[in-house]
Amino acid sequence: MTTVLLKQHISKVISDIEDKDFLEAVYTIVSNKAEEMSFILDDEMKKDLDTRKANHKKNNSKSHTWQHVKKAALSQKA
């Protein structure tokens with residue numbers, strides 16, 4: 001069965017179900033999958049992260065302590 005046919009069949013079956021608990025469970029599954037898909041990195045993003053990671057391991061990147069970041073964020077709040 002193709003993806004399109006699966007989607008159509010699932011939609012039809014779900015439209016006939018009245019069990020609220022079951023529908024909420026399905027909604028949770030579908031929502032989690034949608035969230036998961038929204039964080040997929042493309043090749044360019046992966047390459048950038050690999051470069052940043054390599055630079056960090058070689059101590060070629062600037063990093064800050066949590067205290068420093070927190071202080072800077074709070075000072076810009078005003």
Side-chain angles (χ1 to χ4, degrees):
M1 192 178 293
T2 67
T3 305
V4 172
L5 288 174
L6 280 169
K7 288 178 184 180
Q8 290 172 349
H9 184 69
I10 290 168
S11 178
K12 170 69 174 105
V13 170
I14 287 178
S15 68
D16 294 336
I17 295 173
E18 297 297 329
D19 182 340
K20 185 179 179 200
D21 291 335
F22 177 80
L23 292 172
E24 286 177 348
V26 170
Y27 178 77
T28 299
I29 293 168
V30 172
S31 296
N32 287 344
K33 184 63 176 177
E35 261 185 52
E36 177 185 310
M37 291 174 57
S38 70
F39 291 102
I40 295 174
L41 301 176
D42 62 28
D43 290 339
E44 185 177 335
M45 293 169 144
K46 289 177 186 175
K47 184 179 177 183
D48 183 48
L49 286 174
D50 288 341
T51 301
R52 289 171 182 249
K53 182 178 175 182
N55 283 334
H56 179 73
K57 285 186 173 185
K58 295 176 187 173
N59 290 325
N60 289 338
S61 63
K62 190 173 183 178
S63 61
H64 303 279
T65 66
W66 170 244
Q67 292 300 333
H68 177 84
V69 172
K70 185 177 175 182
K71 183 178 177 182
L74 290 173
S75 70
Q76 292 180 6
K77 208 174 182 182

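Scope of the values below: all heavy atoms of this structure, side chains included, with no hydrogens, waters or symmetry mates.
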- Looking only at heavy atoms, what is the nearest atom pair of Asp42 and Met45, with distance? OD1-N, 2.8 Å
- Task: May I ask you to say whether Asp48 pairs ionically with Arg52, meaning some side-chain N is under 4.0 Å from a carboxylate O?
- Result: yes
- Message: Check this for me, if you would: do Lys33 and Glu36 make a salt bridge, where the nitrogen-to-carboxylate-oxygen distance has to be below 4.0 angstrom?
- Response: yes
Side-chain polar contacts of residues 3-13 - donor-acceptor pairs under 3.5 angstrom, sequence neighbours left out - could you list them?
residue	atom	partner	partner atom	Å
Lys12	NZ	Asp16	OD2	2.8

- With a cut-off of 6.0 Å (strictly less than), are more than 12 heavy atoms of other residues, nucleotides or ligands near CG of Asp43? no
- Message: Between Phe22 and Val26, is there a side-chain heavy-atom distance shorter than 4.5 Å?
- Response: yes
- List for me each residue that meets side chain to side chain contact (heavy atoms under 4.5 Å, CB included) alongside Thr65, sequence neighbours excluded, and say none if there are none. Gln67, His68
- Query: Quick one: side chain to side chain contact (heavy atoms under 4.5 Å, CB included) partners of Asn59, sequence neighbours excluded?
  - Reply: none
- Query: How about Glu44: does its CD atom have over 12 heavy atoms from other parts shown lying under 6.0 Å from it?
  - Reply: no
- Going through the checks in order, is the side chain to side chain contact (heavy atoms under 4.5 Å, CB included) test met by Asp50 and Lys47? CA-CA 5 Å; Asp50 288 341; Lys47 184 179 177 183; 5.6 Å; no
- Task: Determine, using the 4.5 Å side-chain heavy-atom cutoff (strictly less than), whether Ile14 and Tyr27 are members of one ILVMFWY cluster.
- Result: no
- Leu49 to Leu41 - nearest heavy-atom pair and separation: CD1-CD1, 3.4 Å
